[in-house]
Each structure stands twice: as structure tokens, then as C-alpha cells.
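Report on one structure; see the data block that follows.
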Amino acid sequence: FFKTREHYFAYCKALCADASAGKLMTILQAPNGWDAKRLVSRNKANGLNFTTRGMHIWDSASLSVMERGMRLQLQQHSQLRDLLRRTGSRYVAETTVDTTWGIGLGPTDALHAPTGQWGHNALGELWMLIRSQTWPAAPQPDPPTVTVRGKHGSGPAGGATRRPRW
């Protein structure tokens with residue numbers, strides 16, 4: 001039904017803003033997740049008009065909505081399941097400039113920044129929660145490591161790995 005997890009997330013967010021049926025269809029028809037996300041931005045002219053009540057509802061529901069979307073994504077994509085399973089007990093960090101869903105840093109910057117300077121990393125935390133519930137025998141996460149995937153990288157999955165400086 002949804003092209004991407006971002007389409008699902010944007011659609012649910014729009015429901016909390018009492019979006020019109022036309023706006024919901026526009027989200028569903030967005031060519032990619034990035035475009036779907038832009039359609040529900042709080043800061044863009046083409047975004048949604050949230051009431052205070054709608055924003056409160058969304059803020060309290062967004063983490064659960066994202067977790068549900070991630071679980072659905074995991075069910076539908078065996079490669080993602082295998083990738084998550086192979087992370088073992090490693091810490092999972094979302095390297096993005098978003099400080100709520102990610103660590104607030106790109107992959108290269110994450111290699112050099114102490115973890116104390118990282119953002120909330122809600123996506124990484126959710127992936128680790130889902131991993132521990134899907135494969136309960138997996139040990140608890142080790143302290144954070146950073147894996148950067150690069151064309152000429154080395155280490156796991158073709159990336160360079162290091163423990164962040166504390």
C-alpha cells in the first residue's frame with residue numbers, strides 16, 4: 001500500500017493534521033520518500049497546518065508510528081532483516097543531520113565526534129529494540145561503533161569501523 005516507510009510516516013502525520021483526502025492522495029502518489037516527507041513538513045509552505053491538539057497527538061504518536069513502519073519494512077524485506085541480524089550486538093546509529101531521528105552528523109563527521117555530541121538517534125534506538133525483540137538471544141548492544149560504507153572502505157560491509165572517542 002505504501003511505497004516506502006517515509007510514505008507511511010507522512011500519511012500518518014497528515015492524518016493527525018486532519019489533512020484533506022486530496023493531500024493524503026498526494027502523499028501516497030509522491031514519487032519517493034523524500035517528496036512524501038516534504039509534503040508534511042512543519043516549516044514549508046506546502047506543509048500541513050497543525051492545530052495545537054493535532055501537533056500534540058502527532059508528537060505523542062510519532063515514535064510508535066515509526067516503530068510500526070520499521071517492523072512492517074522488516075517483514076517485507078529479507079535483505080533488511082539479514083542486515084539487521086548481522087549487526088549482532090553492535091550499536092546502530094542513524095547518520096543524518098536530523099538530531100531527533102539520527103545522531104545529527106553525517107558518516108564522516110560521526111567518525112570524529114565524541115558520542116556525547118551525537119543527537120537522540122531515535123531510529124538507531126528503534127532498530128536495536130526491534131532487533132532485541134526479533135532475536136531475543138542477541139546480547140545487549142556494545143558501546144557505539146561507527147561503520148562508514150564507502151567505495152574503497154575496509155571492515156564490515158565495506159566500511160571503516162571505529163569506536164567513538166568518549
Side-chain angles (χ1 to χ4, degrees), residues 2-17 19 27 30 32-74 77 80 83-84 86-134 138 140-150 153 155-166:
F2 295 99
K3 292 178 187 176
T4 67
R5 182 181 70 215
E6 200 62 58
H7 282 83
Y8 166 76
F9 193 74
Y11 187 89
C12 292
K13 185 175 184 178
L15 288 175
C16 288
I27 292 166
N32 55 57
W34 178 251
D35 287 341
K37 180 179 181 177
R38 283 194 343 221
L39 290 168
V40 296
S41 170
R42 294 183 195 182
N43 301 320
K44 304 277 184 190
N46 65 342
L48 300 174
N49 290 322
F50 276 94
T51 62
T52 302
R53 181 178 174 276
M55 205 63 244
H56 176 72
I57 291 169
W58 177 246
D59 286 344
S60 64
S62 62
L63 198 61
S64 296
V65 169
M66 181 60 79
E67 181 182 349
R68 177 71 177 142
M70 293 166 80
R71 289 180 184 280
L72 290 169
Q73 185 180 22
L74 199 63
H77 299 284
L80 180 60
L83 178 64
L84 184 60
R86 286 194 315 265
T87 63
S89 63
R90 290 187 300 262
Y91 188 86
V92 178
E94 175 73 11
T95 53
T96 177
V97 296
D98 185 311
T99 57
T100 300
W101 295 105
I103 63 171
L105 300 166
T108 304
D109 294 332
L111 286 170
H112 305 289
T115 55
Q117 293 178 2
W118 287 8
H120 183 66
N121 191 34
L123 283 175
E125 296 290 335
L126 284 171
W127 281 124
M128 290 184 290
L129 172 69
I130 292 167
R131 177 184 64 197
S132 71
Q133 292 172 344
T134 305
Q140 291 300 312
D142 292 332
T145 59
V146 178
T147 299
V148 178
R149 295 171 196 231
T161 303
R162 77 156 186 86
R163 287 199 191 283
R165 290 172 280 168
W166 299 97

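Side chains are part of it too, since the values below use all heavy atoms of this structure and drop only hydrogens, waters and symmetry mates.
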Please name the pair of heavy atoms, one in [X] and one in [Y], separated by the smallest distance, quoted to 0.1 Å.
| X | Y | answer |
| --- | --- | --- |
| T4 | G33 | OG1-CA, 3.6 Å |
| A93 | W118 | CB-CZ3, 3.9 Å |
| G106 | T95 | C-CB, 4.0 Å |
| R86 | R90 | O-NH2, 2.9 Å |
| A10 | V40 | O-CG1, 3.4 Å |
| M66 | L126 | CG-CD1, 3.9 Å |

Inter-residue atom distance [X].[atom1] - [Y].[atom2], 0.5 Å rounding:
| X | Y | atom1 | atom2 | result |
| --- | --- | --- | --- | --- |
| N32 | K37 | CG | NZ | 12.0 Å |
| L105 | Q117 | CG | CD | 7.5 Å |
| L63 | R68 | CG | CZ | 14.5 Å |
| T96 | N121 | OG1 | CG | 10.5 Å |
| C12 | I27 | SG | CD1 | 9.5 Å |
| T87 | L84 | OG1 | CG | 4.5 Å |

Q. Out of W34, W58, F2, which one pairs with F9 under the ring pair (Phe, Tyr, Trp, His ring centres under 6.0 Å) rule?
A.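 Per the ring pair (Phe, Tyr, Trp, His ring centres under 6.0 Å) rule, the option paired with F9 is W58, out of W34, W58, F2.
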For [X], enumerate each residue passing the side-chain hydrogen bond (donor to acceptor under 3.5 Å, both in side chains) test, keeping only those at least two apart in sequence or located in another chain.
| X | answer |
| --- | --- |
| Q73 | R5 |
| S64 | none |
| E6 | none |

Using atom types as modelled and distance alone, determine if a side-chain donor or acceptor of [X] lies under 3.5 Å from a backbone N or O of [Y].
| X | Y | answer |
| --- | --- | --- |
| H7 | A36 | no |
| D109 | G104 | no |
| T134 | R131 | no |

Q.
Please evaluate residues E94 and W101 with respect to the criterion side-chain contact (heavy atoms from CB on, under 4.5 Å), reporting the C-alpha separation (whole Å), side-chain torsions for both, the decisive distance (0.1 Å), and the verdict.
A. CA-CA 7 Å; E94 175 73 11; W101 295 105; 5.5 Å; no
Q | Derivation of the side-chain contact (heavy atoms from CB on, under 4.5 Å) call for L80 and W127 | A | CA-CA 11 Å; L80 180 60; W127 281 124; 3.7 Å; yes
